[in-house]
Colleague: 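The following block contains the structure, expressed as structure tokens.
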Amino acid sequence: MNADTDSARAERRAFLEAESNPTTNLDYLNRLDGAAAGEHTHVTLYYVPDKLVLPPTAFKNYLAALGEYSEHLLEQLAATILDDFNNEIVPRWLSIQLKRNIPGAPAQQTLLEDHQPKWENRALLARLERF
């Protein structure tokens, strides 16, 4: 099955069951962590919510749905997660960090970030861990 088909994309994104953000007038950071695409890939996701927040259980279920990406490039996996979150959660700001450590292979890290046009909060983002 091609992971990029419309039906596969919709099926995967269905796991991103968001809830309403209780404080849309404030910028704040959320962090979610989990394993994706097999046990050797760790995902850390930081985001500043807009209208929606993602419960940790939904994030865990979404990552489990990415299992077919275990053989894909880490950059491709990161871009897929970024695209899914931008379409379903629509955060003000989003950072996705992936780390892959397969025994016998070089360790790899990938970081992607995106934000809504004109959104900026440097003081808040300065609190983040460095890549």
Side-chain angles (χ1 to χ4, degrees):
M1 177 184 215
N2 183 350
D4 296 326
T5 65
D6 289 342
S7 62
R9 188 177 305 115
E11 197 173 300
R12 182 181 67 238
R13 288 178 178 178
F15 288 100
L16 295 174
E17 298 176 5
E19 296 180 6
S20 294
N21 180 0
T23 56
T24 57
N25 60 332
L26 296 173
D27 281 347
Y28 62 94
L29 282 168
N30 279 346
R31 176 181 170 162
L32 297 167
D33 287 288
E39 63 188 53
H40 301 295
T41 303
H42 183 81
V43 177
T44 300
L45 184 133
Y46 292 98
Y47 72 103
V48 176
D50 194 354
K51 295 178 183 176
L52 301 172
V53 294
L54 187 68
T57 303
F59 183 64
K60 179 182 175 184
N61 295 337
Y62 169 77
L63 292 179
L66 291 172
E68 62 194 60
Y69 279 86
S70 61
E71 301 300 319
H72 286 70
L73 289 173
L74 202 58
E75 295 85 353
Q76 184 178 0
L77 177 59
T80 296
I81 295 170
L82 182 82
D83 190 51
D84 290 348
F85 269 78
N86 277 341
N87 279 281
E88 301 300 317
I89 308 301
V90 194
R92 293 176 185 162
W93 175 85
L94 173 65
S95 174
I96 299 165
Q97 181 180 16
L98 278 72
K99 295 180 182 180
R100 183 174 284 165
N101 193 0
I102 298 172
Q108 183 183 6
Q109 291 188 139
T110 298
L111 174 71
L112 274 97
E113 291 185 9
D114 198 10
H115 61 86
Q116 291 181 8
K118 299 183 183 180
W119 182 87
E120 187 174 325
N121 189 331
R122 290 183 185 172
L124 180 66
L125 298 182
R127 291 172 170 77
L128 288 172
E129 299 174 16
R130 296 289 178 206
F131 180 63

Colleague: How long is the gap from NE2 on His115 to CG on Asn86, to the nearest 0.5 Å?
Modeller: 10.5 Å
Colleague: Checking side-chain contact (heavy atoms from CB on, under 4.5 Å) for the pair Val43/Asp33: CA distance, chi angles, key distance, verdict?
Modeller: CA-CA 6 Å; Val43 177; Asp33 287 288; over 6 Å; no
Colleague: Taking Val48 as the starting point, is it possible to reach Leu94 by hopping between hydrophobic residues whose side chains are less than 4.5 Å apart?
Modeller: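 Leu94 does not cluster with Val48.
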Colleague: CD of Glu113 to OH of Tyr46: how many Å apart, nearest 0.5 Å?
Modeller: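 Those atoms lie 11.0 Å apart.
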Colleague: Run the side-chain contact (heavy atoms from CB on, under 4.5 Å) check on Arg12 and Thr80 step by step: do they pass?
Modeller: CA-CA 10 Å; Arg12 182 181 67 238; Thr80 296; 3.6 Å; yes
Colleague: Mind running side-chain contact (heavy atoms from CB on, under 4.5 Å) on Leu32 and Tyr47 for me, showing each step along the way?
Modeller: CA-CA 9 Å; Leu32 297 167; Tyr47 72 103; 4.1 Å; yes
Colleague: Supply the atom-to-atom distance Ile81 CD1 to Ile96 CD1, rounded to the nearest 0.5 angstrom.
Modeller: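 Between Ile81 CD1 and Ile96 CD1, I get 5.5 Å after rounding to 0.5 Å.
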Colleague: Restricting to non-hydrogen atoms, name the atom on Ala35 and the atom on Leu63 that form the minimum distance, rounded to 0.1 Å.
Modeller: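 Scanning both residues completely, I find the closest heavy atoms to be O-CB, 3.4 Å.
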Colleague: From the options Lys99, His40, Arg100, Glu75, select the one residue that forms a side chain to side chain donor-acceptor pair (under 3.5 Å) with Gln108.
Modeller: Glu75
Colleague: Can you hop from Leu82 to Leu16 via hydrophobic side chains spaced under 4.5 Å?
Modeller: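 As far as the 4.5 Å side-chain criterion goes, Leu16 and Leu82 are connected within one cluster.
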Colleague: For the CD atom of Glu17 and the CG atom of Asn61, what is their distance to the nearest 0.5 Å?
Modeller: 7.5 Å
Colleague: Going by atom types alone, do Trp119 and Asp27 pair a side-chain donor with an acceptor below 3.5 Å?
Modeller: yes
Colleague: Evaluate the side-chain contact (heavy atoms from CB on, under 4.5 Å) criterion for residues Tyr62 and Leu54: first the C-alpha distance (whole Å), next the side-chain angles of each, then the deciding distance (0.1 Å), finally the verdict.
Modeller: CA-CA 10 Å; Tyr62 169 77; Leu54 187 68; 5.8 Å; no
Colleague: Nearest 0.5 Å, please: how far is CD in Gln109 from CG in Asn101?
Modeller: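 Atom-to-atom, Asn101:CG and Gln109:CD are 10.0 Å apart.
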Colleague: Considering only heavy atoms from C-beta outward, does the side chain of Lys60 approach that of Thr57 to under 4.5 Å?
Modeller: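 Side chain of Lys60 against side chain of Thr57, heavy atoms only: no contact under 4.5 Å found.
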Colleague: Are Leu66 and Phe59 connected in a single hydrophobic cluster, I mean Ile/Leu/Val/Met/Phe/Trp/Tyr linked by side-chain heavy atoms less than 4.5 Å apart?
Modeller: yes
Colleague: Evaluate the side-chain proximity of Leu125 to Glu120: yes if any heavy-atom separation is below 4.5 Å, no if none is.
Modeller: no
Colleague: If you compare all heavy atoms of Arg13 against all heavy atoms of Asn87, which two are closest, and at what distance to 0.1 Å?
Modeller: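 Smallest interatomic distance, heavy atoms only, reads NH2-ND2, 3.4 Å.
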Colleague: Donor-acceptor pair, distance only, cut-off 3.5 Å: does the side chain of Asn21 make one with the backbone of Asp50?
Modeller: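 Yes: the side chain of Asn21 pairs with the backbone of Asp50.
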Colleague: Do you know which two heavy atoms are closest between Pro55 and Ala18, and how far apart they sit?
Modeller: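 Shortest heavy-atom separation between Pro55 and Ala18 comes out as CD-CA, 4.3 Å.
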Colleague: Please report the interatomic distance CZ(Arg92) to NZ(Lys51), rounded to the nearest 0.5 Å.
Modeller: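 These two atoms lie 10.0 Å from each other.
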Colleague: Phe85 and Pro91: which non-hydrogen atoms are nearest, and at how many Å?
Modeller: O-CD, 3.6 Å
Colleague: Say whether Phe15 and Leu52 are linked into one hydrophobic cluster, either directly or through other cluster members, by side-chain heavy-atom distances under 4.5 angstrom.
Modeller: yes
Colleague: Check for me, please, whether Trp93 and Val90 land in the same ILVMFWY cluster - side-chain distances under 4.5 Å, paths through other members count.
Modeller: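 No; tracing contacts between hydrophobic side chains, which count when under 4.5 Å, never links both residues.
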